[in-house]
> 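Sharing a structure, written as structure tokens. Questions coming.
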Amino acid sequence: MTSSAPAARAHRRTALAVVLCAGLTAALTACAGEDPDKGTNGVGKLSAAEIDSKARAAAAASDAVRLTGKLVSKGGTYTLNMQLSADGGTGSVTSSRRTFALLRIGDELFLKADAGFWNHDGDEESDRAAADKLQGKYVKVPEDDPTYKQLRGFTEKKTLLDGVLTLHGKVNKGDRDSIGGVRTVQIMGGKGEGGTLDVSLKGTPYPLRVARGGGGGTLTLADWGETFPLEPPPEDDTVDYGGQLPRSSG
């Protein structure tokens, strides 16, 4: 009896080790074979070029989007918080010196800012008085005013998205990530120097975040397809200068 006890214990330990080892092997095999795209829209399995194409198509087909973040261009650095649709746009733009609101309905473009914006370079008392009257008013921007095209560009869904979603260089796949709890796959121009784009792996493959190449700013894209009201401002809050904005405007 005594001599057989150690042998029995050794046998039990060996059996336990075999069971544990088998369980660990099964777990590792399961992990290794797990599909990282399980429960996703399957876009992560595609090539970088295919992901890019699908993200662009989804963005173009959507009725609306909210675009927030920084945009750096030759004209300066702007912080955007814009809601955009095919019919127009509304929101705010902050430059290095001023913040102003924009509202566009069709071809009608309105600009709203504080008195400091309108009196940016004005020293005359008459300029200051005019600026005070414009504070908080929706000023209609004439289509032949030099600033009309630039300001309208901030409200153009197609124009903005065509610009910010463009990756430069050969498009490659990057890492997986999560934005706002939504799993994403990243594509990038070159090794990232040409910009990066995070595309949703849930539902429609919308672009959710873009970092533009060359330090061009980072923007978040959200509220895809969520409509928002676009209504003309009240007449008593609107100023129409006709041919050109006030000379002292910023």
Side-chain angles (χ1 to χ4, degrees), residues 55-114 116-118 134 136-143 145-167 179-180 182 184 195-200 204 206-234 237-238 245 249-250:
R56 286 174 168 275
S62 179
D63 293 331
V65 64
R66 178 185 291 275
L67 193 151
T68 58
K70 289 190 181 298
L71 178 65
V72 182
S73 68
K74 293 180 181 179
T77 299
Y78 303 94
T79 300
L80 308 183
N81 185 359
M82 297 296 300
Q83 287 179 286
L84 309 169
S85 74
D87 300 321
T90 182
S92 65
V93 179
T94 301
S95 67
S96 59
R97 306 169 75 173
R98 300 291 177 191
T99 296
F100 52 93
L102 290 173
L103 168 64
R104 182 178 64 82
I105 306 171
D107 291 327
E108 289 191 320
L109 177 64
F110 300 91
L111 167 66
K112 184 169 74 170
D114 61 17
F117 176 91
W118 296 110
L134 295 178
K137 297 286 187 179
Y138 287 93
V139 178
K140 187 174 182 180
V141 182
E143 292 186 41
D145 187 275
T147 62
Y148 177 87
K149 185 176 180 180
Q150 179 187 8
L151 293 175
R152 176 170 176 149
F154 289 117
T155 69
E156 291 273 7
K157 174 178 175 284
K158 184 179 186 305
T159 299
L160 272 178
L161 292 185
D162 284 350
V164 302
L165 297 182
T166 298
L167 299 174
I179 298 175
V182 178
T184 63
T196 61
L197 185 65
D198 286 273
V199 179
S200 175
T204 305
Y206 290 122
L208 299 184
R209 180 174 61 197
V210 57
R212 302 178 73 212
T218 299
L219 297 156
T220 299
L221 302 99
D223 299 343
W224 288 102
E226 295 186 15
T227 58
F228 56 92
L230 275 175
E231 299 177 355
D237 283 337
T238 304
L245 290 175
S249 69

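Along the sequence shown, residues carry numbers from 1.
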> List the residues meeting side chain to side chain donor-acceptor pair (under 3.5 Å) with S200, not counting sequence neighbours, and say none if there are none.
none

> Who pairs with K158 by salt bridge (Lys or Arg N to Asp or Glu O under 4.0 Å), at least two apart in sequence or on another chain?
D162

> Which residues pass the side-chain contact (heavy atoms from CB on, under 4.5 Å) test with E108, not counting sequence neighbours?
F110, K140

> Go through the structure and list residues passing ring pair (Phe, Tyr, Trp, His ring centres under 6.0 Å) with Y206, not counting sequence neighbours.
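Here the qualifying residues are W224.
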
> Look at the side chain of K157 and the backbone N and O of S62, then say whether any donor-acceptor pair between them is shorter than 3.5 Å.
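Checked: pair present.
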
> Can you sort out the partners of T159 under side-chain contact (heavy atoms from CB on, under 4.5 Å), two or more places apart, ordered by chain and number?
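E156.
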
> With sequence neighbours excluded, tell me which residues meet salt bridge (Lys or Arg N to Asp or Glu O under 4.0 Å) with D237.
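For D237 the salt bridge (Lys or Arg N to Asp or Glu O under 4.0 Å) partners, ignoring immediate neighbours, are K137.
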
> With sequence neighbours excluded, give me every salt bridge (Lys or Arg N to Asp or Glu O under 4.0 Å) pair touching residues 211-232.
R66-D223

> Under the side-chain contact (heavy atoms from CB on, under 4.5 Å) test, which residues partner D63, sequence neighbours left out?
none

> Under the salt bridge (Lys or Arg N to Asp or Glu O under 4.0 Å) rule, what pairs show up with a residue in residues 78-88, not counting sequence neighbours?
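Residue pairs with at least one partner in residues 78-88: there are none.
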
> Restricting to ring pair (Phe, Tyr, Trp, His ring centres under 6.0 Å), what partner residues turn up for F154, sequence neighbours left out?
Y78

> Without swapping roles, check the side chain of T155 against the backbone of R152 for a donor-acceptor pair under 3.5 Å.
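Pair found, side chain donor or acceptor close to backbone of R152.
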
> List in chain and number order the residues that pass side-chain contact (heavy atoms from CB on, under 4.5 Å) with A211, two or more places apart in sequence or in another chain; answer none if no residue qualifies.
T196, T218

> So, using side chain to side chain donor-acceptor pair (under 3.5 Å) as the criterion, who are the partners of T166 when residues are at least two apart?
R56

